[in-house]
> 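Just passing along the structure, written as structure tokens.
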Amino acid sequence: MPEILEIEAYRRLAEKVVGRVVSEVQAPDHWYVKGGATPEDLVENLTNRRFTKSRRKGKLLLLDSGGPTLGLRFGMTGRLFVDGKAGIDQLEWGSRRINPAWHRFIIEFKGGGSLVIDDPRRLGGVELNPQEERLGPDAWEIRLPGLRKVLSNSTTALKARLLDQSRIAGLGNLLVDEICWRSSLDPNRPANSLEEKEIKILNRTIRTVLDQLDKRGGSHTGDFFEHRNKGGVCPLDAQPLRRSEAGGRTTWWCPLHQR
DNA sequence: CCGGATGTTCACCT
DNA sequence: GAGGTGAACATCCG
């Protein structure tokens, strides 16, 4: 799932619960509660609280309450439902079935309505007062000086650096492939080998891709997405795409124009 | 049946 | 400390 665009869609959906008061919290899956807290901690800290804001940092969704802040992570297969309505119609690689056993976290509100995380693979989690400072600047808000800093002093592959949430928060595997492809940059290049000219291109491309794919409907709507398969060729120059691994993730790129 | 898929965290190496 | 790897989570799809 979800990368920054999907979490942003969830954030917008979660605005519906701002102003509502929590009547009941169900956290049936102890494993799903992170940060050293227990399901009981969540119940105690959130019951009778009124949510005041729906925020996002990278892939972390945050609901402020005036007291504790609730942090929601969705892993690859987590979906958010508010009042039974989904934030994303169809999650790539997700399940299209609905199974109550996959409802890892449920909040009921006074006066009706609910917020539910459905997560078949249990890769997400909920946390009280997550350490937001562990995340780098948000990818949607980062600017040239911030991006320079992300890439400086590191021989790590460009792609691994862009996926490192502590350096820049929000980009996932699909978005990074799309961004490198549009920027004509080889994802395997050492991060600190980029010239100023290339960093500028990358900086612009990050925002262009996020704005454009957000309007289109998500991380899987990029121009490159449908080609990153076995036998895929570059839609720009028809060159067969290469496949490798970077940062532990499958990477596709065009060996001709991505340098 | 097997392998891989939009993610995060942590242990364990070098 | 930096950086890489593999495991764990559990389901769907080809």
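First the proteins, then the strands, lettered A, B, ... as listed; each starts at 1. Computed from heavy atoms alone, side chains included, the values below leave out hydrogens, waters and symmetry copies.
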> If I take atom CZ in residue A:Arg73 and atom C1' in nucleotide B:dT8, what distance separates them, rounded to the nearest angstrom?
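Value for this atom pair: 8 Å.
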
> With sugar-phosphate meaning primed atoms plus P, OP1 and OP2, does A:Lys34 contact a base, only sugar-phosphate, or nothing at under 4.0 Å between heavy atoms?
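Nothing, no nucleic acid heavy atom in range.
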
> Using whole Å, what does the distance between atom C1' of nucleotide B:dA5 and atom CD of A:Glu226 come to?
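Interatomic distance, CD of A:Glu226 to C1' of B:dA5: 18 Å.
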
> Tell me who clusters with A:Leu135, hydrophobic residues only, linked when side chains sit under 4.5 Å apart either directly or through other members.
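Same cluster as A:Leu135: A:Leu60, A:Leu62.
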
> Return yes if some donor-acceptor pair links the side-chain N/O of A:Arg182 with the main-chain N/O of A:Ser184 below 3.5 Å, else return no.
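The answer is no, because no donor-acceptor pair under 3.5 Å joins these two groups.
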
> If pairs are Watson-Crick or G-U with both distances under 3.5 Å, what is the dot-bracket string of DNA chain C, marking crossing pairs with [ ] and pairs to another strand with |?
.||||||||.||||

> If you only use heavy atoms from C-beta on, which nucleotide in B:dG7, C:dC9, C:dG3 is closest to the side chain of A:Met76?
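Looking only at side-chain atoms, A:Met76 lies closest to B:dG7.
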
> Using heavy-atom distances to pick each residue's nearest nucleotide on DNA chain B, tell me which of A:Gly124 and A:Arg134 is more 5'.
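Its nearest nucleotide being more 5', the pick is A:Gly124.
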
> I need the CH2-P distance between A:Trp102 and C:dT11, as an integer number of Å.
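Taking atom P of C:dT11 as the reference, CH2 of A:Trp102 is at 6 Å.
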
> Look at A:Thr77 and C:dT11 and indicate whether a side-chain polar atom (N or O) is within less than 4.0 Å of OP1 or OP2.
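Answer no for this pair, as no side-chain N or O of A:Thr77 is under 4.0 Å from OP1 or OP2.
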
> Can you tell which of C:dC9, C:dG3, B:dG7 lies closest to the side chain of A:Arg167?
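Output: C:dG3.
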
> Round to the nearest Å and state the distance from A:Asn99 atom CG to C:dT11 atom P.
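Value for this atom pair: 8 Å.
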
> Please report whether the ring centroid of A:Tyr10 lies less than 6.0 Å from that of A:Phe74.
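A:Phe74 vs A:Tyr10: aromatic centres under 6.0 Å.
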
> Which comes earlier along DNA chain C counting from the 5' end, the contact point of A:Asn153 or that of A:Arg104, where each point is its nearest nucleotide?
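With A:Asn153 and A:Arg104 compared, the 5'-side residue is A:Asn153.
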
> Whole Å only: how far is the CG atom of A:Leu163 from the P atom of B:dA5?
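Answer to the nearest Å: 13 Å.
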
> Under 3.5 Å, which donor-acceptor pairs link side chains of residues 153-160 of chain A to any protein atom two or more places apart or in another chain?
unit_1   : atom_1 : unit_2   : atom_2 : d
A:Ser154 : OG     : A:Thr156 : N      : 3.1
A:Ser154 : OG     : A:Thr156 : OG1    : 3.1
A:Ser154 : OG     : A:Arg161 : NH1    : 3.4
A:Lys159 : NZ     : A:Asn173 : OD1    : 2.5
A:Lys159 : NZ     : A:Asp177 : OD1    : 2.7
A:Lys159 : NZ     : A:Thr250 : O      : 3.2
A:Lys159 : NZ     : A:Thr251 : OG1    : 2.9

> For A:Arg216, I'd like to know if atom CZ has over 12 heavy atoms of other residues, nucleotides or ligands within 6.0 Å.
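Atom CZ in A:Arg216 is packed in, count exceeds 12.
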
> Is it the case that atom CZ in A:Arg207 sees more than 12 heavy atoms from other parts of the structure closer than 6.0 Å?
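Enclosed.
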
> Looking at the side chain of A:Thr250, which of B:dG4, C:dT11, B:dG7 is the nearest nucleotide?
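Nearest listed nucleotide: B:dG4.
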
> Is the shortest side-chain N/O distance from A:Arg249 to OP1 or OP2 of B:dT8 below 4.0 Å?
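Answer is no, no contact under 4.0 Å.
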
> Which residue lies toward the 5' end of DNA chain C, A:Arg161 or A:Leu123, if each is placed at its nearest nucleotide?
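Looking at the nearest nucleotide for each, A:Arg161 comes out on the 5' side.
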
> A:Glu127 has an atom CD; how far is it from atom P of B:dT8, in whole Å?
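In whole Å, B:dT8 P lies 13 Å from A:Glu127 CD.
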
> For A:Lys34, look at atom NZ and say whether over 12 heavy atoms of other residues, nucleotides or ligands are found less than 6.0 Å away.
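For A:Lys34, atom NZ is crowded (more than 12 foreign heavy atoms under 6.0 Å).
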
> Separation of A:Arg121 atom CZ from B:dT8 atom P, in whole Å?
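Value for this atom pair: 13 Å.
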
> Starting at CG of A:Asp29 and ending at P of C:dC9, how long is that distance when rounded to a whole Å?
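To the nearest whole Å, that distance equals 12 Å.
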
